[in-house]
Amino acid sequence: MVPDLKTALAPNLDQRQAQSLYRYRRVLEGPQGPEIQVDGRRVWTFCSNDYLGLANHPKIRVAFMQGVQEYGVGSGAAHLVTGHSRAHHELEEALAEFVGRPRALLFSTGYLANLGVISALLGHQDAVFEDRLNHASLLDGGLLAGARFKRYRHRDCQALEAALAARRARRKLVVTDGVFSMDGDLAPLPELATVARHFDAWLLVDDAHGLGVLGEGGRGSLAHWGLGMAQVPILVGTLGKALGTFGAFVAGEEALVETLIQQARTYIYTTAPPPAVAAATLASLRLAEAESWRREKLAHLIAQFRQGAAQLGLQLMDSQTPIQPLLVGDSAAALKLSESLLARGMLITAIRPPTVPAGSARLRITLTAAHSETQVERLLEALAESL
Ligand SMILES: *Cc1c(COP(=O)(O)O)cnc(C)c1O
């Protein structure tokens, strides 16, 4: 007999409710920005990844609409069939140049890029070494590849070294976020690169939160640390965060990108993103690179927030990036704090397990170049009143 679906699923849903782990969506009206309309009211938000404030920029909107005029809406097919447009191709060339690598390959999302690149490079005879706090897509990529899988302690190069020394494998791949998505701290890339090289392992950096934000011209974590392809042969970047649009890419040498075109299943077996999105991203890449005032303003707001939070005695994490999480611990308490802030017109969603480790629920506060000093000041006041 076919089991009743509701009866089978209800216990897990009920348990999530009871543990304050149930997830809901809010319905937004209108565009992204520091002030949004959500569930029928206007609120200020401090939890998007639109770090440079580009998601609703007039020039990027125009580029998007021009892209639609030129290419229509749908791409019609996968990149390897008839889906790869001039707009996609130009964006790949621009991204490669931006990060200083021979080639870049567009993927539909960062999640797909990470699954695709790791599983194209590794198989059963290989081993992957991942920071414990890596993004879910990197962990899933390692598991999908069928490689031996080892997680090392957060930012702990000695733990990585021990793990690498203990494992024999055909290929070894060390995988890390450049900026950790839920904590905002940086991976110690120079040390990781040294350790990886010592054990003949490749290093993959996912710079979803560094690209556009860190380094000269917003070139990301690698530029921040002064590292190139010799130290980090495989670079993943995403376009839906600081660049304000949608999509992702993998950048590296010719042989890497050609291998992905032949073998990355999440590249091959999926429809190419709308060409207009690529056209919009090309415009946003130009803006992000040229308008360094956005990064300067962001740095100023981050300093203002951290200084204010220290005066209030808030326990912030060790982060100099736009990601400024306020650790709460208990999931129910994090939800309660989030609700109390919402009552004061500030939307910051509570991040709970399994997105973060058990017992480390938090408000993941993020700042953007589109926020004002006044908004940051008011956020600090609202936090003081809610805690
Ligand atoms: C957001 C994120 C991704 C996923 O990118 P999408 O384009 O949103 O699928 C991958 N890696 C990290 C570190 C991220 O923060």
Side-chain angles (χ1 to χ4, degrees), residues 25 32 47-52 54-55 88 91-92 95 99 104-119 128 130-145 151 154-155 173-187 189 192 203-214 218 220-222 224 232 234-251 260 264-267 270-274 277-278 280-281 284-285 288 317 319 321-325 349 351 354-357 362 364-368:
R25 291 134 354 128
Q32 284 297 319
C47 55
S48 89
N49 300 314
D50 182 23
Y51 302 125
L52 297 180
L54 294 177
H88 294 122
L91 177 59
E92 286 181 345
L95 287 167
V99 296
L105 186 72
L106 275 178
F107 280 77
S108 297
T109 72
Y111 190 96
L112 291 176
N114 284 335
L115 291 191
V117 66
I118 299 174
S119 60
V128 61
E130 302 218 15
D131 188 290
R132 240 178 205 297
L133 298 189
N134 274 356
H135 189 263
S137 57
L138 294 170
L139 302 171
D140 291 355
L143 296 172
L144 181 67
R151 293 169 85 173
H154 182 49
R155 301 177 67 216
L173 178 67
V174 176
V175 174
T176 185
D177 282 19
V179 175
F180 288 90
S181 55
M182 295 299 133
D183 292 51
D185 52 349
L186 307 188
L189 294 183
L192 289 174
L203 178 57
L204 180 160
V205 174
D206 174 352
D207 206 22
H209 300 274
L211 202 82
V213 174
L214 297 179
S221 299
L222 273 63
H224 169 85
V232 182
I234 306 152
L235 172 65
V236 177
T238 68
L239 309 172
K241 286 162 184 159
L243 290 177
T245 60
F246 186 76
F249 66 94
V250 178
L260 296 178
R265 294 168 64 85
T266 59
Y267 182 77
T270 198
T271 300
V277 172
T281 306
S284 95
L285 186 66
M317 292 182 161
S319 162
T321 67
I323 305 166
Q324 293 291 330
T349 53
I351 306 286
T355 306
V356 292
R362 67 198 64 181
R364 179 178 177 271
I365 297 166
T366 56
L367 300 171
T368 78

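When a ligand or atom number is given, it counts from 1 through the structure's own listing order.
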What part of [X], side chain from CB on, backbone N/CA/C/O, both or neither, has a heavy atom under 4.0 Å from ligand 1?
| X | answer |
| --- | --- |
| Asn114 | side chain |
| Ala208 | side chain |
| Asp177 | side chain |

Counting non-hydrogen protein atoms only, what is the nearest one to [atom]? Give residue, atom name and distance.
| atom | value |
| --- | --- |
| atom 13 (C) of ligand 1 | Asp206 OD2, 3.3 Å |
| atom 2 (C) of ligand 1 | Lys241 NZ, 2.3 Å |
| atom 15 (O) of ligand 1 | His209 NE2, 2.5 Å |

Short question: side chain of [X], backbone of [Y] - any donor-acceptor pair under 3.5 Å?
| X | Y | result |
| --- | --- | --- |
| Asn134 | Val175 | yes |
| Thr245 | Thr281 | no |
| Asp207 | Gly220 | no |
| Thr366 | Ser48 | yes |

Give a yes-or-no answer on whether the side chains of His154 and Asp183 include a donor-acceptor pair shorter than 3.5 Å.
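On atom types as modelled, these side chains do not qualify, holding no pair under 3.5 Å.
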Which distance, rounded to the nearest 0.5 Å, do you find between the CG of Asp131 and the CG of Leu138?
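It comes to 10.0 Å.
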Just how far is it from atom CZ of Arg364 to atom CE of Met317, taken to the nearest 0.5 Å?
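Nearest 0.5 Å value for the CZ-CE distance: 11.5 Å.
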Member of Thr238, Leu243, Leu285 meeting the side chain to side chain contact (heavy atoms under 4.5 Å, CB included) criterion with Leu211
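Result: among Thr238, Leu243, Leu285, Leu243 is the only option passing the side chain to side chain contact (heavy atoms under 4.5 Å, CB included) with Leu211.
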Per-atom contacts of ligand 1 with [X], taking only distances under 4.0 Å to non-hydrogen atoms:
| X | value |
| --- | --- |
| Ser181 | 15 (O) |
| Thr109 | 7 (O), 9 (O) |
| Gly110 | 4 (C), 5 (O), 6 (P), 7 (O), 9 (O) |
| Thr238 | 5 (O) |

Against ligand 1, does Ser137 come closer than 4.0 Å with any heavy atom?
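Right, Ser137 reaches ligand 1.
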Is there a polar contact between ligand 1 and Tyr111, counting only N or O atoms under 3.5 Å apart?
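Yes.
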